[in-house]
There are 2 protein chains.
Amino acid sequence: MEDRDTVLGKALAILRAFGPADSVLPLAELVRRTELPKGTVHRVAGDLVHHRLLDKTAHGYRLSGGLFELGLRAATERTLLELAMPFLQDLYERTHETVHLGVREGHEVVYITKIGGHRQAKAPSRTGGRMPMHCTALGKVLLAYAGEDEQAAVLTGPLERRTPHTVIAPGILRRQLARTIETGVAYEREESTPGLLCVAAPVLKPDGRTVVAAISVTGPVGRFRPESHETAVRAAAAALGSTLARRGR
Amino acid sequence: MEDRDTVLGKALAILRAFGPADSVLPLAELVRRTELPKGTVHRVAGDLVHHRLLDKTAHGYRLSGGLFELGLRAATERTLLELAMPFLQDLYERTHETVHLGVREGHEVVYITKIGGHRQAKAPSRTGGRMPMHCTALGKVLLAYAGEDEQAAVLTGPLERRTPHTVIAPGILRRQLARTIETGVAYEREESTPGLLCVAAPVLKPDGRTVVAAISVTGPVGRFRPESHETAVRAAAAALGSTLARRGR
DNA sequence: AAGAGCGTACCGCTGAGCGGAACGCCGATG
DNA sequence: CATCGGCGTTCCGCTCAGCGGTACGCTCTT
């Protein structure tokens, strides 16, 4: 999967060895995960510390602030985030539920940001994290507007059953996607996480066909009725769409 | 400044050649900024593309989504961001002005996040960006609680005059910092950007001495009266402080 | 006391990385 | 239309940065 034969490859193998949940990893753990020789990991990790991509603590290594800073220079994601923020705020203020902004990356959703209050539903999504497309509202929206082949690739591939409600039948899923194109929204009902509901709408280019990103509102089963936020989400997404069209790209 | 003799050094020189404002840089520009041989930049940039840290476009290279994703795995910043979000939301909802969360990194402030609505004052701060400490409310708070030597280092060093209001007299600045410790807030009045006012408060560890981060509210001269948000900012920062103390680190 | 697992240090071999040079392609200039 | 400067790309032989097996010393656990 990764190219472990070049210095850069090794360096990245080490950096990517950190999962979203990991905070500090000891050298030995990095060796295990990267499957690189111990000496090598030691040296490269040392270099990475020197370059401010890793911090060295008493208990091991940790991704450093330098990396955080660098990552936020990525132009497209950052611009999207900055332009979207006001709309996401509006949406949050109107709903007081967890609001997500995500884009498609390969066959998964990547969360650009996640905003919420104290009462937010405990979702597994994390800023900068990934989730499968077939079991999230955000993912379904992004998939619905993705290219034919992209869509087919995901539907054909194995669809992980995350909860009893996860839709793993390609047929049903395909129908949901078709309906998403018609209505302009997608739903998730406890398909990725028990107890969670979600509505999402696409942020489109002016052509009305290409997705740039998607916005969603998530809440817990019980007090939360996703249908009642359908219009708000759609409006926010549409508004962001036109803003993007107006300014630069 | 940078170590250009190792592969990693070159790679980082290239990545860091992208300023906060740059979106796409052509090869030639990278060569100019990094002062590396053309052939070398070409090759390394190619490798970086292969490793999903750069995107190659028709007009040059661009920091890619892979980097964004990686950066957001940095544990400390991300945890801080996640735990802070609800408090920042509250603060925004109460004030409807631009809200910042920042930490100290070296002799500057790094913005972890920035949230605001449509009417937000056009501040130069950007998520992931840097600003000097001596002319921002966030910076003054962070500096006030930083170690003696750290504080001295900044005050001794050259203090850039950003606007006619920038305080560049170490004496006055030191008094402001002292006062910040007493009152628990710092102000900025058009010291970094004309037309902008700002209040900030420290997020402290339980010991009440060590700063972890700082929160601020920014608004435009005219409608915005920073004093009236002093309590709200202080409350938000304090609340975040206790939350951090409770959970994990 | 023995052992397992860790982080660190050493060091000689070698091919990955290096970068100067040359090329072909524009678009600006005269 | 000819020239030229700046661009991105490719090539290739030299060499030293990177490599990783080995060994050591430390701290826990058994």
Side-chain angles (χ1 to χ4, degrees), chain A residues 1-19 21-64 66-67 70 74-76 249, chain B residues 1-19 21-64 66-67 70 74-76 249:
Chain A
M1 189 107 196
E2 275 290 345
D3 186 1
R4 241 143 278 223
D5 289 346
T6 143
V7 203
L8 243 97
K10 290 177 234 268
L12 272 152
I14 292 177
L15 291 179
R16 296 212 224 261
F18 287 81
D22 305 308
S23 147
V24 174
L25 295 182
L27 181 64
E29 182 59 22
L30 289 175
V31 170
R32 236 168 280 125
R33 298 195 186 188
T34 58
E35 293 176 343
L36 290 169
K38 191 175 11 176
T40 304
V41 174
H42 183 61
R43 177 170 36 84
V44 177
D47 291 350
L48 288 172
V49 169
H50 175 252
H51 287 290
R52 306 198 32 250
L53 297 188
L54 284 183
D55 285 336
K56 184 163 195 169
T57 75
H59 307 288
Y61 297 91
R62 180 175 52 198
L63 296 179
S64 108
L67 193 61
L70 205 52
T76 48
R249 180 247 138 115
Chain B
M1 187 111 196
E2 274 290 347
D3 187 1
R4 242 144 277 225
D5 290 346
T6 143
V7 203
L8 243 100
K10 290 178 234 270
L12 272 153
I14 292 177
L15 292 179
R16 297 209 223 263
F18 287 81
D22 305 308
S23 149
V24 174
L25 294 182
L27 181 63
E29 182 59 23
L30 289 175
V31 171
R32 235 168 282 123
R33 298 194 186 189
T34 58
E35 293 175 344
L36 291 169
K38 196 185 352 186
T40 304
V41 174
H42 183 63
R43 176 171 37 84
V44 178
D47 291 350
L48 288 171
V49 169
H50 175 253
H51 287 289
R52 304 198 33 251
L53 297 189
L54 284 184
D55 285 337
K56 183 163 195 169
T57 76
H59 306 288
Y61 298 90
R62 180 176 50 200
L63 296 180
S64 107
L67 194 60
L70 204 53
T76 47
R249 182 250 147 112

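A distance of 6.0 Å separates CG of B:Leu54 from CG of B:Leu63, quoted to the nearest 0.5 Å. Between the NE2 atom in B:His42 and the OH atom in B:Tyr61 there is a gap of 5.5 Å [rounded to 0.5 Å].
Atoms CG (B:Asp47) and C1' (D:dG18) sit 15 Å apart, rounded to a whole Å. Computed from coordinates, the A:Leu36 CG to D:dG20 P distance equals 7 Å when rounded to whole Å. Distance B:Glu35 CD to C:dG20 C1': 18 Å, rounded to the nearest Å. Taking atom CG of A:Asp3 as the reference point, atom C1' of D:dG18 lies 15 Å away to the nearest angstrom. The CZ atom of B:Arg4 sits 20 Å away from the C1' atom of D:dC16 (whole-angstrom rounding).
The closest donor-acceptor contact from the side chain of B:Arg33 to the backbone of B:Ala17 lies under 3.5 Å. Of the possible polar contacts, one joining the A:Arg4 side chain to the A:Thr34 backbone as a donor-acceptor pair under 3.5 Å is found. Remark: side-chain polar atoms of A:Ser64 are paired, donor with acceptor, to backbone N or O of A:Arg52 under 3.5 angstrom.
Between A:Thr40 and D:dG20 there is a side-chain N or O to OP1 or OP2 distance below 4.0 Å.
Nearest to the side-chain atoms of A:Arg43 among the listed nucleotides C:dG20, C:dC18, D:dG18 stands D:dG18.
Taking the nucleotide of DNA chain C with the nearest heavy atom to each of A:Val7 and A:Leu25, the more 5' of the two is matched to A:Leu25.
In terms of heavy atoms, B:Ala11 sits closest to B:Val44 at CA-CG1, 3.8 Å.
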### Task
Between protein and nucleotides 7-12 of chain D, map the contacts as a letter string: B base, S sugar-phosphate only, - none, heavy atoms under 4.0 Å, written 5' to 3'.
SBBB--

